[in-house]
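The structure appears below as structure tokens.
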Amino acid sequence: MLANIDALLLARAQFGFTVAFHIVFPVFSIGLASYLMVLEGLWLATGRQVFIDLFRYWIKIFAIGFAMGVVSGLVMSYQFGTNWSVYADKTGPVLGPLMAYEVLSAFFLEAGFLGVMLFGMTKVGPRLHFLATLMVAIGTFFSAFWILSVNSWMQTPQGYATNPAGQFVPVDWWAIVFNPSFPYRLVHMVLAAYLTTALVVGAVGAWHLLRERTNEGARMMFSMAMWMLAVVAPLQILAGDAHGLNTLEHQPTKVMAMEGHFESHPDGAPLILFGLPDQEAGMVRYAVEVPKLSSLILKHGLNEPLKGLDSVPRENWPPVPVVFWSFRVMVSLGMLMLLLGGFSLLARYKGRLYEWAALHRFALAMGPAGFVAVVAGWITTEVGRQPFTVYGLLRTAESASPLQAPAVAASLTAFVLIYFAVFGMGILYILHLMAKSPHRGEHGIEPGAPIRTAGITPAPSVDPDRHLQPAE
Amino acid sequence: MGTTSTPKQPAPLWRHLIWFASLWAGSVLTLGVVAGILRAWLKAG
């Protein structure tokens, strides 16, 4: 049976599977590192116990998510050598140094200072500890910076020349790093990381508020998450629109697939809301569309012409149905995030942020929405770049190693089994930690750290507002 | 043995800095070992 399966398709499936698994962890790490930095900074500035309690609550979850992100990322990068050696050989002179910078950021900023962050609170003092938290947050940002620069160069390559061996070689590093789609992708992705984390934090807060409305930690995390959502969701929609216009300029075929525009529209293109794209027939069946709205959004004029896929050779078409639907999943979830942010503002205005159960249920249901939106957005941009690995220059079919289908199928099976087992357990443990309610005197990771004063009598340490947990 | 105790003095800065550097180096080393093991595993495969 394996003889009939394309080794290239299996290699793509393997990379797609490992990246889809990997991408959710760094997105969560980027957002959570910044959230931890804010919590610790607020604790240092105000001395309020709730901030350090929340810091200790979330740092355990951060540590597990970070570890899974690092391991899944390392495996993924090695695939360039195993399955994509032609791509690695041709793009290595340009992309190798950028990926090396990402690795340096991950090793020396993120991972290095993570140890201080996890185990150093009682050993290095609060200010040096905050410095470590700051370095981890900056490290996650720099990792994202370099890896998105690499990805963006694959989408909008510039600043290179080709040598006689057919390799891309650097000519202008500034142009390579800051290629045309990079600033838009960086902003869109970092905002997505903040939104995703806010949705998770909000969902955890909502889960505990549904059980115990007076829980101080749950109230604080829910309030902070809803502020983030209310502010960042509209900004993300604006950033996404700007990114889309940039894509139209540099990768018009991708936008044609996103919009489902098989035909050119010289007098204004409709916005197809839903439909069933038929790649073979070159049409969208059962289309529900708004006349001329696509031209208005993309060209800011009702009658502006928009080219369709009929202006592109068929061998350069991406898989339209995948791009069309993944884009709609991402946009729909973005709109729901905007709705949740608006709902939270209304609840805050009415003074019912912690009492409105419908809001809490909505926030709880939206907990995984950021991860789904990120994966959907990633599928949109990566499948939309097909059939190229380096847009317009290097075809995916010409990028793979000389592979045998059975070998790739075996390693893909191993990846699927190991990933679901290892990361499945990790995710279950994270959910187990999230299910525990935050409480005063939260334990950190460090063993033996005192959580309350031990005087001659325990009376001074008794807090009437404290919510004792059964486990204590 | 008295019943009162003097408040614990914070550790000197040099001790904090040594812990800071040690934890940082230990973490980098740990990740290096994990990366090396994964690389060896994938190369063997």
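Throughout, protein chains are lettered first and strands after them, A, B, ... in sequence-line order, and every chain is numbered starting at 1. Basis for what follows: all heavy atoms, side chains included, without hydrogens, waters or symmetry-related copies.
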Next item on the list: Residue by residue, scan residues 130-145 of chain A and write down, ordered by number, those that have a heavy-atom distance under 4.5 Å to chain B; if none do, write 'none'.
Entry: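 So the qualifying residues are Leu131(A), Ala132(A).
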Margin query: Just so I understand: if I count every heavy-atom pair under 4.5 Å between each of Ala111(A), Gly115(A), Gly112(A) and chain B, which residue has the most?
Written below: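 Option with the greatest count: Gly112(A).
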Check: Between Leu128(A) and Leu17(B), does a side-chain contact (heavy atoms from CB on, under 4.5 Å) hold up when you go through it step by step?
Finding: CA-CA 8 Å; Leu128(A) 278 177; Leu17(B) 287 171; 3.9 Å; yes
Notebook entry, point to check: Counting heavy atoms not belonging to Trp43(A), are there more than 12 under 6.0 Å from its CH2?
Noted result: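 It does: Trp43(A) CH2 has more than 12 such atoms within range.
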Checklist line | Enclosure of Phe17(A) CZ (heavy-atom neighbours >12, cutoff 6.0 Å) | finding: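 Enclosed: over 12 neighbouring heavy atoms sit under 6.0 Å from CZ of Phe17(A).
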Any side chain to side chain donor-acceptor pair (under 3.5 Å) pairs touching [range], not counting sequence neighbours?
range	value
residues 20-37 of chain B	none
residues 399-411 of chain A	Gln14(A)-Ser411(A), Ser85(A)-Ser401(A), Thr389(A)-Ser399(A)
residues 61-76 of chain A	His22(A)-Ser72(A)

Within this structure, what is the [atom1]-[atom2] distance for the pair [X] and [Y], rounded to the nearest 0.5 Å?
X	Y	atom1	atom2	value
Phe113(A)	Phe20(B)	CZ	CZ	4.5 Å
Leu118(A)	Leu23(B)	CG	CG	9.5 Å
Leu31(B)	Leu114(A)	CG	CG	9.5 Å

Check: Considering all heavy atoms of both residues, which atom of Lys123(A) and which atom of His16(B) are nearest to each other, and what is their separation?
Finding: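 Smallest heavy-atom distance, with atoms named: O-CD2, 2.9 Å.
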